[in-house]
Amino acid sequence: MPELEKTYTPAEVEARWYQRWLKDDCFKARPEHVSEKRPAYSIVIPPPNVTGILTLGHVLNNTIQDILARRARMLGKEVLWLPGTDHAGIATQNVVEKTLKKQGVIKHRDDLGREGLVAKIWEWKEKHGGIIIEQLKKLGASCDWSRERFTFDDDYNACVMRVFVDLYKKGLIYRGKRMVNWCPSSLTALSDEEVVMKAQNAIMYHFKVEVVEEPGTWLTIATTRPEVIPGDQAIAVNPKDERYAHLIGKHVRRPLPVEDQALIPIIADEHVDFTFGTGVLKVTPAHDKADFEIAQRHNLPAVDVMHPNGVLNELAGKDLAGMERFAARKRAAELLAEIGSLVKEEPYQNNLGYSERADVPIESRLSEQWFLKYPSVKVSQAVVANGEMKFHPDRWAKVYDHWMTGLQDWCISRQVWWGHRIPVWYSKGLGELNREVIVIECDRSPIEGQNIKELRASAWAWAESHGIIGHEFHNDDTNADIEVVKASLRHAFDNYGVVNVLLIPLLPELLKTAVLVATVPHEPFSPEMKAVHRYFAACRMGGKLYRVKFTVKERRDGHRLYDHQSAEIVEEKKVELGGDKSPAGRSDEGKLPTQPAPSSIVSLGHLVEEVKSTDDFVRCQLDSPGETWTQDPDVLDTWFSSWLWPFATMGWPEKTSTLKAFYPTTDLVTGPDIIFFWVARMIMAGFEWMGELPFKNVYFTGIIRDKQGRKMSKSLGNSPDPLELIASYSADALRFGIMRSAPLGQDICFDEKNVELGRNFCTKLWNAARFRQMQGGEVETEISAALLSSDDKWILLRLNTAIAEVSTALEEYRFSDATATLYRFFWSEYCDWYIEASKAVLQSGSAVSAEAGGTPAPHSRRTNTLAVIDFVLGHTLRLFHPFMPFITEELWHGMGFNADLPENQGGKSIMFAPWPKPLDADELAHFGILPEDEKAANDKYETVVLGRGLKSTFNINKKVRFVLKPNQELPSHEIEVIRILLNAEPLEVDAAFTPTKGTPSALTPLGTIFLPLDGLIDVEAERARVSKELAKVASELEKVRAKLADENFTSKVPQKVLDEHQQRETDWQEKAAKLKEMLAALG
RNA sequence: GCACGGAUAGCUCAGCGGUAGAGCGUCUGUCUUACACACAGAUGGUCGGGGGUUCGAAUCCCUCUCCGUGCACCA
């Protein structure tokens, strides 16, 4: 056995072992080894943000996973702990953008452009991406690093794309113009889950407006957002509200902007709560979700008065335009005051949605986004409800169920650049929806007629006389000619409405200005057709705007035939354009208005609005359909990639051996804060693409808080750096400390004291091992039943209990209970009692004297004790290994426990040593250990405690003489043990001992123990002490007697309880009698 | 507003129908040859308040208060 250093040096040991584990491929999962005899255990890491650094939350989370993984290895399972990182779209882009701005590299992301910025972020990722992984290694995480994945790797990206296309084809993904949560700081839409409500100290502004039809009647309106008044489209009251019912249908003058005080109607809507505020609600459709819904019910336009970055735009009026939203709020209030509209302002507390990432209030904003209707909802909900998948603690199942019941479609598009690009392609033009289209103006068509028949005739005549038929027209957009043939017009006239006929005179101009939007294959396939092109043009007739769609067949001979035409009315836009694709606030400025004025230029977006969903113009597929197609600029929500994590990391969609062996995973360990973001979505994805649940158990950790109960946060500065903790206390200490303070289902109150305690525990372990080593000899493996002392039996029983307790605790994810047991067992039971007691054997028959004595017994008592110690230590190290991998590995080898073991059974590493099992009934019988052996030792220890108590009471701190007056005869070995534990010199055992008056004594299970002090003691003090104890005993006795005297009690109580009470009475009575004797002896 | 979790020794928590527990802290001794990152001993609680069920309640039921969390949310 090599000698252990006097002090443990964790930094060196931890680094050395981790390298060794890596070198020996200890963490590698081998799917081919999985069999019925060797079951799989798998766990996927919740991927930390790639640019993140380790927090205590990660420490907690990953320590738990490591414990589970390491224990599974010891249970003989083939373990896969799959690591990786998350690209964390918005968060990462924010960080990099901010840094680049700080460094003065850019002023705005547009300076680099999409590709440039993404390239910079990749650079950043390469530089900083590995940090958290290295930190996890420091912690001891036993991940299979050869399988490390990143959610933005090429093949992972392919999975995301594939899933998107699949969902799109299933009709679960759609694009829509909706009110979404908009982050004015990150300039992107957010899902509902990314918005956190915060209580806010705001101001409620009350302002009044006069009813135009009833001069003198004023309505007072309460609002917290006066800056959006220019966007108000109505005043709403509840139709049941008698105060205002008569005003419905009348109008008020909107106070802002002052230069455009438009009349807006008073409408009736059930949504208005007439008990709230004044019962009058201003309706601002473009800036409030509820208002938007009201507006839809009443067909009101939505006027957006704000740029995406939160700066008010021109529609807010000259006073507010250009102002940031909070400044504009103050200014708007001032303006109201100036025009005499402001009634009062009062402090008001309300709840406001904040962007989780950027921590700024979000805006409700109408924009076009991609949404997902969740797949596999029912089965996902059921699997948790019916307990097939277990949540720990299970109360989270309720939270999950509640959320799954009220699922809202998921807004999955984000207007940032760092992320999985949406695999949707727009044919040429749709990618540039803001492109201007020339509107061909025509006050009145020369085509005349009383009915459609006459109109057609007139159009035919016009077309023939003006040489349209058979003519080729040059198209400016494509520089190609388009031929109009007779069939073209016939088709157009036959199939479409009046306008199609009326616009014939405009045809030359329309064909010239038409914009090519899509090129698609000819359907059905025809060998002479090369392609079919779709063009759009715009015209205005009689004040109305029309879009004109041309379908042009291109033959292989180069002819372009104008096949047919169509014209449809383009509704005047009530809402803003859908085409504002660049989320950059700056480039948006001045781009609005939302509503094209009669003479304004029309954008392509206006023309193609309703056709976007057809395959001709929009394709959802993995690769670009061709050069004439451009990809949707948006990227996907980060969680849209994370939700595939359990199988996308294992090689899906290939049916890999890894998937076969390790999916579904066994456990998932994560925080309850991402139950909706991640856990719920992974379950749905698991069912949707694997047809199976992704994991069988979910363990939710608590939230780490500081001593004052506050959440850890950067701004509070209350978040200790785990790496510093590791440096000063060791990784094992940090792991043990944090596990000790992490009860199931409750938040964790972090205190560095616990880490210190972990460190102390490591030291204790180290020293206990050293003690064993100092006794000399090799590892003893043979325990002789005949030579077992009561202490030996006791510690073996305690070990049995500890093994059982730790095993069950781990099975039930009660990690803090497991550590508490380990702590109690090793420190109190093993070190404080067993080791101390065993010194009776180890010190008396010392190694030296045994050797000197010629022929030592083949298996002396001393050797047997060492064998028990080795047995206990060997088991203890294994019990501890999942919690404290480094020191246990070091001691496992340092003590020589690995010797003679097969390589895969602990010879190479303790992590493959079998998990301890309690001695079974046969083994206990073999060793002659009975349950009552525990009591024998306990009685001895209690005697010792009482003796020590006497010493302490009388301030004796030297070795001193004790006398034990035993109840029955004691073996000499037991006496020696008591002597050593008591630090008595000597311990006399005398059944006939008669103490001198005033000798302090204590009643013990083994008899009465005396501390003879030869007149040194204060008789009065001793009398006081004994009297005090007697009083206590008497009071207990009285309590029991009172109970036993109560017939109500004795008649109703079960026999077992009655027996207990009667026994108690006897015990107290005996004690009281002896104490009285002692008092009498004191005189 | 709805739901869930918590309130037990100075601190962190266990106990969840039958004599109030652990660790840490505090106090007092001790450098006893594995360990002062230690050893020994002691101190400390009407189990958040009130009601009820029961022979018996920290434990079950009702109610209130306070803390935390999730969901919903009205200007």
Side-chain angles (χ1 to χ4, degrees), chain A residues 4 6-8 197 204-206 221-225 236 271-284 288 290-291 348 350-351 353 393 395-396 398-400 402-403 406 672-673 675-676 703 705 707 709 711 729 733 740-741 743 745-751 753-754 756-775 814 816-817 819-820 823-824 827-828 831-832 835-836 839 843 944-945 948-953 955-959 980-983 1036 1039-1040 1043 1046-1054 1056-1058 1060-1061 1064 1067-1068:
Chain A
L4 296 175
K6 182 154 175 27
T7 48
Y8 175 56
M197 301 305 283
M204 181 73 87
Y205 300 91
H206 295 254
I221 304 165
T223 181
T224 52
R225 304 203 62 189
H271 169 78
V272 181
D273 175 359
F274 48 82
T275 63
F276 186 89
T278 57
V280 186
L281 172 69
K282 70 187 196 64
V283 181
T284 325
D288 184 280
D291 287 9
Y348 178 73
N350 64 345
N351 287 325
R395 65 189 154 88
W396 293 110
K398 227 177 186 176
V399 175
Y400 169 82
H402 184 246
W403 189 74
D673 47 335
I675 184 167
F676 308 138
I703 311 261
R705 296 172 181 281
K707 269 190 269 184
K711 270 190 192 172
Y729 297 105
R740 220 181 106 82
S741 48
Q746 258 164 258
D747 285 356
I748 288 99
C749 181
F750 181 80
D751 187 342
K753 275 258 149 71
N754 278 314
E756 199 183 320
L757 187 133
R759 188 265 323 260
N760 295 353
F761 195 85
C762 290
T763 308
K764 189 75 179 173
L765 198 57
W766 186 259
N767 282 312
R770 275 183 67 231
F771 173 79
R772 160 64 188 93
Q773 213 174 43
M774 288 165 85
Q775 306 309 316
R814 289 181 289 110
S816 68
D817 290 346
T819 52
Y823 190 89
R824 186 208 66 220
W827 202 307
S828 326
C831 289
D832 290 348
I835 286 294
E836 292 307 318
K839 284 178 182 172
Q843 282 172 6
V944 170
V945 168
R948 286 168 177 170
L950 284 180
K951 255 176 101 170
S952 169
T953 311
N955 269 321
I956 313 289
N957 47 38
K958 294 251 163 63
K959 285 196 173 183
I980 285 181
L981 291 173
L982 253 182
N983 202 19
E1036 290 296 336
K1039 261 198 250 171
V1040 185
K1043 269 193 171 177
D1046 187 354
E1047 204 180 312
N1048 225 347
F1049 176 77
T1050 49
S1051 61
K1052 288 179 183 169
V1053 134
K1056 191 181 146 233
V1057 177
L1058 194 62
E1060 262 173 36
H1061 278 76
R1064 217 182 290 164
D1067 292 349
W1068 287 128

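Here the structure is a predicted model, which is why all the values come from computation and not from measurement. Note that these values count all heavy atoms, side chains included, but never hydrogens, waters or copies made by symmetry. Lettering follows sequence order; numbering is per chain, from 1.
- Applying the salt bridge (Lys or Arg N to Asp or Glu O under 4.0 Å) rule to A/Arg948 yields no partners; only residues at least two apart in sequence or on another chain are considered.
- No engagement by A/Lys1043 is indicated, since no non-hydrogen atom pair under 4.0 Å with the nucleic acid exists.
- Considering only residues two or more places apart in sequence or on other chains, A/Tyr400 meets the ring-ring contact (aromatic ring centres under 6.0 Å, His included) condition with A/Phe391.
- Annotation: salt bridge (Lys or Arg N to Asp or Glu O under 4.0 Å) contacts of A/Arg824 (sequence neighbours excluded): A/Glu805, A/Glu829.
- Residues satisfying the ring-ring contact (aromatic ring centres under 6.0 Å, His included) criterion with A/Phe1049, sequence neighbours excluded, are A/His1061.
- A/Arg770 has its CZ atom 15 Å from the P atom of B/A38, to the nearest Å.
- For A/Tyr8, the ring-ring contact (aromatic ring centres under 6.0 Å, His included) test picks out A/Trp766, with sequence neighbours left out.
- In this view, A/Asp288 satisfies the salt bridge (Lys or Arg N to Asp or Glu O under 4.0 Å) rule with no residue, not counting sequence neighbours.
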Show each protein N/O and nucleotides 20-31 of chain B N/O combination with a separation under 3.5 Å, one pair to a line.
unit_1: B/G23; atom_1: O2'; unit_2: A/Arg740; atom_2: NH2; d: 2.6
unit_1: B/G29; atom_1: O3'; unit_2: A/Asn957; atom_2: ND2; d: 3.4
unit_1: B/G29; atom_1: O2'; unit_2: A/Asn957; atom_2: ND2; d: 3.2

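- Listed by chain and residue number, A/Ile703, A/Arg705 satisfy the side chain to side chain contact (heavy atoms under 4.5 Å, CB included) test with A/Asp747 (two or more places apart in sequence, or in another chain).
- The residue A/Val945 sits close only to the backbone: its heavy atoms come under 4.0 Å of sugar-phosphate atoms, none of a base.
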Identify all pairs in which a protein N or O lies below 3.5 Å from an N or O of nucleotides 10-14 of chain B, and state each distance.
unit_1: B/A14; atom_1: OP1; unit_2: A/Gln746; atom_2: OE1; d: 3.4

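- Judged as a ring-ring contact (aromatic ring centres under 6.0 Å, His included), and not counting sequence neighbours, the contacts of A/Phe676 are A/Trp403.
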Step-by-step side chain to side chain donor-acceptor pair (under 3.5 Å) determination, A/Asn1048 to A/Lys1052:
CA-CA 6 Å; A/Asn1048 225 347; A/Lys1052 288 179 183 169; 3.1 Å; yes

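- Residues meeting the side chain to side chain donor-acceptor pair (under 3.5 Å) test with A/Asp1046, sequence neighbours left out: none.
- Stem analysis of RNA chain B (at least three stacked-register Watson-Crick or G-U pairs, each with both distances under 3.5 Å) gives B:1-7 with B:65-71, B:10-13 with B:21-24, B:26-30 with B:38-42, B:48-52 with B:60-64.
- Each of A/Val272 and A/Lys398 was assigned the nucleotide of RNA chain B with the nearest heavy atom; the assignment lying further toward the 5' end belongs to A/Lys398.
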